[in-house]
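The next block holds one structure in the form of structure tokens; read it before the comments.
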Amino acid sequence: MAGSGMVFWKPGTIAPGSLVDRVPSSSSSTSLASDGRDAVAGGSIAAVYNPNSRLAIAEQRSRLPIAAVRSNILHMLEQYQVLIVVGETGSGKTTQIPQYLHEAGWTAGDRVVACTQPRRVAATSVATRTAEEMGETVGDLVGYSIRFDDVTTPGKTKIKFMTDGLLLREMMATPLLNQYSVIMLDEAHERTIATELLLGLLRKVLRKRPEMRVIVSSATLDAEAFRSHFNLNTDASDPSKDTAAILTVPGRTFPVDVQYLSQPTPDYIKAAVDAVMNIHTEEPAGDVLVFLTGQDEIERAITLLNDRVDALLVDAAAAKRRYQQQQQQHHHGDRGRLAAPPASYMNMRVLPLHGALPFQEQLAAFEAPPRGTRKVVISTNVAEASVTIDGIAYVVDSCHVKLMVYRPDAGHESLMIVPISRASAQQRAGRAGRTRPGKALRLCTESDYCTLLPERSVPEIQRVELAPVLLQLKALGIDNLLHFDFLSPPVTETVARALELLFALGALESNGRLAIPLGIRMAELPIPVMQAKMLLASAELGCSEEIVTIAAMLQVQNLFSSSASNRDASGSDFAASGNAVVDAARSRFGVTEGDHLTLLNVYLAYSQHGVGQHGDKWCGRMNLNPRAMQRAVQIRHQLMRYLTKFGVAIESAFGKHRSRNSQSRNPSDDEATAAAQTIRRCIAAGYFANAARLKPDGSYRSLRYDLDLAIHPSSVLYYQVTQKLHRPLPPPKYVVFHEIVQTTRTFMRDITAIEPEWLLELAPHFYQKPAMQAVGPSSSSVEPGSVSASLLGETWMDNFAVSRKKPRAL
DNA sequence: CTCTCCCT
């Protein structure tokens, strides 16, 4: 048999390595024949040394469901320019189709086969697996390309896995994607924005490159929509002229028995806990995966579950004692009826899984439990598609998800808990059937499942703010957005809002064309549009050094995190103490100017103490997430390269304010204040459209859409203006903010204090002074921010305040 | 008194 220690080589070539452990056997020679055939067809594998056993791989390859349609795929690609492959999970399409294409000669010459993935981990892991199957090292014949990690060799790499967003970026440099002979859009049914745009753009490219081929891998539900999107045949009566076709490949997963509640539940967290306990006491061994919507729900469920397990163990111990006593009495001649021996239960290990967890704690959810222990992973949506946990036999699904939805009527995003789609529910249930038959319980009634859940999820492009998307399209030469072939057209009002913003930022001319060079540069920068504007404005304000750092820091999430040990040490209540630790960590770097300068502080401290030998320890003490910081460093380098490309000098705000003699010493307080002011002005230059003014009641009002806003509790300003400080500071009169998120209230996140005059100076096209100034001193003699709102009342403030000009119709 | 999840 082909053990994993065996070594095989292609017949007719010189075998590499030592002969010591090479034991020919009859079974290996038969399989070598089929193996050899593939290798010859590939034409590029010279000698093969594969410690993972090339033979076993060849057998596995030929057994995959997709292998049965290998020749169909290759033949259909001769006839049709676009092929929709409907392949259920486990069909092997992702790893096999690129290999088939390579073997069939689609990579001859300089040509490359590309396969896009919605996620970075998928691109890397699938590349690794494909390379292994081909007996290659990743980066040679098979490579991958994701942001900050390009593992390909130009001229040598023939099969390239990449994120969909990166291929979209490549189109800016090479609009016809000339190096690629075939592009496979994998997981297209997920409808990420990048895939959505690629679908529209490739339709154009295919007309100009008749020799090119596109493969779209999709779930059943969307296949016909993809086919008609790409089919250029207008004559429905003559299918022989079709240019796109659908091919269905069976999947290979195990059956999952799906069950529903008999009654709807008012509390799916409690229902989930009941369900897990039921599985634990009634069902055979096998791990459980529970889908809830967020961190707080997960922590609540964990507490409830651990209590229930404790109670169960106490009960079981008591039952065992009673039973033993009964048995003893029985032996002593008591003739009473004997109870059945009490059930003995496995141990249970309950683990959380969500994005805010430190990396080490995330890993715990993937570790196999000890023998005799049942693992229960309580997860957010990450476990639906982004990661796979081995050994799951039971799924408990709340049938809800937390979703960010842009609301054009309100002009901001909303983080809502909504029912999932039936497509999502199927995907979640499938997580129980990857290695053996499984069971799934949906925490809703079957009739609610059929009537209340939508068939499929709303594509991302229909629920996000569109400014970056439209800017990208403009930069790719799509001037008339109305004529672009969106598979799912975006919401008209969202388009209007986005164009309005792009115009206000100066990225678009009044005729709707991309402004040169500002619009092009903003499109090139891989950051949100307001930050791109801020970064480019820093060139004129002389603070690019600091702004590039702030821009990089704004890109990373979960900067602060508290490890389990921190939480345990600091208090009894799991969730609350963890938050307190994070709050304390944040306040350590906090400055009164707000979150952007706080982020700058964090970065400066990190670059002094957080790198090198004891760097991670320092991060641990500061409750900083080292991976997030490393990513910020990478992003900062990338942004620096863009600035260099644009010819922007790297200047420090401190350099500007420091006198010639004082280069060596630390800046004085005055100098620091002046530098901070320059930086805040620059922040306002990018974020001017997101400005808010303090009201007498202590809340804020946005200038653009007249919304009532609150400071998000993650902001240093929240910390400073509440009783958390020994002596709370007065809240700033005017602020700009990075984003609005509506959850329990409408919050501003990432906030910086500004002066209102800056809005008039930096964005005179956007803001005006009010015509009427009823009461109080003239605006030029008194700084508005210095006037106490509570003293003078809101009417005065309103009359005095800077206000938003009427938006210009586009 | 808060943090679904991806991507350039």
Once side chain to side chain contact (heavy atoms under 4.5 Å, CB included) is applied, do any residues pair with A/A552, and if so which ones, sequence neighbours excluded? A/I635, A/R636, A/L639

Partners meeting salt bridge (charged side-chain N to carboxylate O under 4.0 Å, His left out) with A/E297 (sequence neighbours left out): none

Specify whether A/H400 and A/Y268 have parallel, tilted or perpendicular ring planes, treating 30° as the upper limit for parallel and 60° as the lower limit for perpendicular. parallel

Once salt bridge (charged side-chain N to carboxylate O under 4.0 Å, His left out) is applied, what residue pairs with a partner in residues 707-721 of chain A remain, sequence neighbours excluded? A/K695-A/D708, A/R701-A/D708

Applying side chain to side chain contact (heavy atoms under 4.5 Å, CB included), name anything that partners A/S386, two or more places apart in sequence or on another chain. A/R119

Classify the nucleic acid contact of A/R749 as base, sugar-phosphate or nothing, counting any heavy atom under 4.0 Å across all strands shown. nothing

Please list, in numerical order, the residues of residues 396-405 of chain A that have a heavy atom closer than 4.0 Å to any atom of DNA chain B. A/K402, A/M404

With heavy atoms under 4.0 Å as the rule, sort A/L415 into base, sugar-phosphate or nothing. base

State which residues pass side chain to side chain contact (heavy atoms under 4.5 Å, CB included) with A/E524; sequence neighbours excluded, sorted by chain then number. A/M172, A/I520, A/Y642, A/K645, A/F646

Heavy atoms under 4.0 Å, any strand shown: does A/E190 hit a base, just sugar-phosphate, or nothing? nothing

Name the closest nucleotide to the A/T163 side chain, picking from B/dT2, B/dC7, B/dC1. B/dC7

Of the options B/dC3, B/dT4, B/dC6, whose atoms approach the side-chain atoms of A/Q557 most closely? B/dC6

Using a heavy-atom cut-off of under 4.0 Å over every strand shown, decide if A/R169 touches base, sugar-phosphate, or nothing. base

